[in-house]
Structure formats: C-alpha cells, structure tokens
Amino acid sequence: MAENWTDVSALADVPDDDVAAVTVGGAELALYGVDGTVFATDNVCTHGHARLCDGFLDGHEIECPLHQGKFDIRNGHATCQPATDPLRIFPVKIENGRVFVDLG
C-alpha cells in the first residue's frame with residue numbers, strides 16, 4: 001500500500017502531555033504529544049460520539065469525556081469499558097518541524 005503523508009500541523013502546536021484536534025480533508029484527528037513522540041488517532045470515541053480532544057490524557061491512555069472509556073493511543077486498543085472497539089490510529093513522522101500523518 002502506498003504511503004499518503006499529509007502535513008497536518010506544526011510540531012510546536014502539539015502540546016506536551018496533552019491532546020489537540022486537527023481537521024484534515026474533512027476528517028478530524030487527535031494529535032497527542034507524549035515523551036517527545038507524537039501519536040495520531042481518530043478524534044471520535046468508538047463507544048459514544050464524543051471528541052477525544054476534550055478528554056484526559058494520562059501517559060499513553062486517552063479517556064473519553066463522555067463515558068470514561070479509555071484507549072491506548074499507541075495501538076488504538078480499548079483499555080477500559082464501556083469502550084470495546086479500537087480507535088483508528090495513523091502513522092506519524094516529523095520533518096522540518098512539521099507533523100505528517102499517513103492517512104492511508
């Protein structure tokens with residue numbers, strides 16, 4: 001499968017130990033800054049229609065603000081009920097101070 005890298009943000013705009021939303025081609029992604037690494041997932045919880053950028057990031061785990069379901073942002077796996085379906089994750093690369101996401 002061909003890579004589809006898209007410039008989504010300045011690295012400086014991704015908060016340390018927090019989450020920010022970006023809209024790319026009509027899709028909303030969540031960008032997380034953790035320990036100097038950037039991760040990207042869909043921004044909508046798979047359990048209830050809530051924006052994860054409004055949730056709480058604890059290490060590599062994002063908690064949904066609606067029903068407190070949790071996901072591992074590294075692999076998308078649901079780690080706490082009521083969430084059971086995984087989040088879609090996206091590969092990330094950093095070049096020249098910009099964040100690129102492979103939208104595949």
Side-chain angles (χ1 to χ4, degrees):
M1 182 185 296
E3 293 177 336
N4 183 18
W5 294 106
T6 302
D7 185 340
V8 297
S9 176
L11 180 58
D13 291 338
V14 179
D16 292 327
D17 300 318
D18 206 354
V19 56
V22 295
T23 301
V24 180
E28 193 170 315
L29 306 180
L31 299 179
Y32 311 85
V34 179
D35 297 330
T37 303
V38 177
F39 299 90
T41 71
D42 275 334
N43 193 32
V44 177
C45 177
T46 60
H47 170 258
H49 195 73
R51 297 175 74 223
L52 295 174
C53 65
D54 296 329
F56 307 97
L57 184 65
D58 184 15
H60 291 102
E61 198 170 54
I62 186 69
E63 180 178 316
C64 175
L66 188 59
H67 294 116
Q68 290 70 52
K70 295 180 182 180
F71 302 90
D72 186 322
I73 62 171
R74 297 170 293 188
N75 56 32
H77 293 155
T79 60
C80 179
Q81 297 273 343
T84 56
D85 293 332
L87 284 175
R88 183 171 178 203
I89 61 168
F90 301 91
V92 174
K93 71 177 180 179
I94 309 299
E95 287 185 356
N96 300 318
R98 301 293 303 174
V99 177
F100 292 83
V101 174
D102 182 356
L103 300 173

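- By the neighbour-count criterion of 12 heavy atoms within 6.0 Å, atom CG of Asp13 is densely surrounded, having more than that number from other residues, nucleotides or ligands.
- Under the side chain to side chain contact (heavy atoms under 4.5 Å, CB included) test applied with Ile73, the options Leu52, Ile89, Leu57 reduce to a single match, Leu57.
- Rounding to the nearest 0.5 Å places CG of Asp58 at 7.0 Å from NZ of Lys70.
- Annotation: the span from Glu63 atom CD to Gln68 atom CD amounts to 5.0 Å, rounded to 0.5 Å.
- Within the 4.5 Å cutoff, the side chain of Val19 has no heavy atoms near those of the Leu31 side chain.
- In this structure the side chain of His77 never reaches within 4.5 angstrom of the side chain of Phe71, judged on heavy atoms.
- Val8 and Trp5 are assigned to two separate hydrophobic clusters, defined by single-linkage of ILVMFWY side chains at heavy-atom distances under 4.5 Å.
- Between Thr46 and Leu87, some side-chain heavy-atom pair lies under the 4.5 Å cut-off.
- Connection of Val44 to Val22 is not established within any shared hydrophobic cluster, with ILVMFWY side chains joined at heavy-atom distances below 4.5 Å, either directly or through further cluster members.
- Salt-bridge annotation for Arg88 and Asp42: absent, with no side-chain N of the basic residue lying under 4.0 Å from a carboxylate O of the acidic one.
- Taking the side chain as every heavy atom from C-beta outward, Asp72 and Glu61 never approach each other to under 4.5 Å.
- Panel note: side chain Ser9, backbone Val99; no donor-acceptor pair is recorded below 3.5 Å.
- Note that CG of Leu11 and CD1 of Ile94 are 5.0 Å apart. Values are rounded to the nearest 0.5 Å.
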query = Thr23 and Leu29: side chain to side chain contact (heavy atoms under 4.5 Å, CB included), yes or no, with the steps?
reply = CA-CA 6 Å; Thr23 301; Leu29 306 180; over 6 Å; no
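- A heavy-atom distance below 4.5 Å is not found between the side chains of Phe39 and Val92.
- The shortest side-chain heavy-atom distance between Leu66 and Cys45 does not fall under the 4.5 Å cut-off.
- Arg51 pairs by the side chain to side chain contact (heavy atoms under 4.5 Å, CB included) definition with Ala21, Glu28, Asn43, Cys53, Asp54, not counting sequence neighbours.
- Not a single donor-acceptor pair under 3.5 Å links the side chain of Asp16 to the backbone N or O of Gly33.
- Residues Phe90 and Val24 fall within the same hydrophobic cluster, defined by Ile, Leu, Val, Met, Phe, Trp and Tyr side chains chained together at heavy-atom separations under 4.5 Å.
- Side-chain atoms of Thr41 and Tyr32 include a donor-acceptor pair closer than 3.5 Å.
- Under the 4.5 Å side-chain criterion, counting only non-hydrogen atoms from C-beta, His47 is not in contact with Thr84.
- No donor-acceptor pair closer than 3.5 Å links the side chain of Asn96 to the backbone N or O of Arg98.
- Residue Val38 is not grouped with residue Phe100 when hydrophobic side chains (ILVMFWY) are merged at heavy-atom distances under 4.5 angstrom, including chains of intermediate members.
- Across all their heavy atoms, Pro15 and Ala20 have their closest contact at CD-CB, 3.8 Å.
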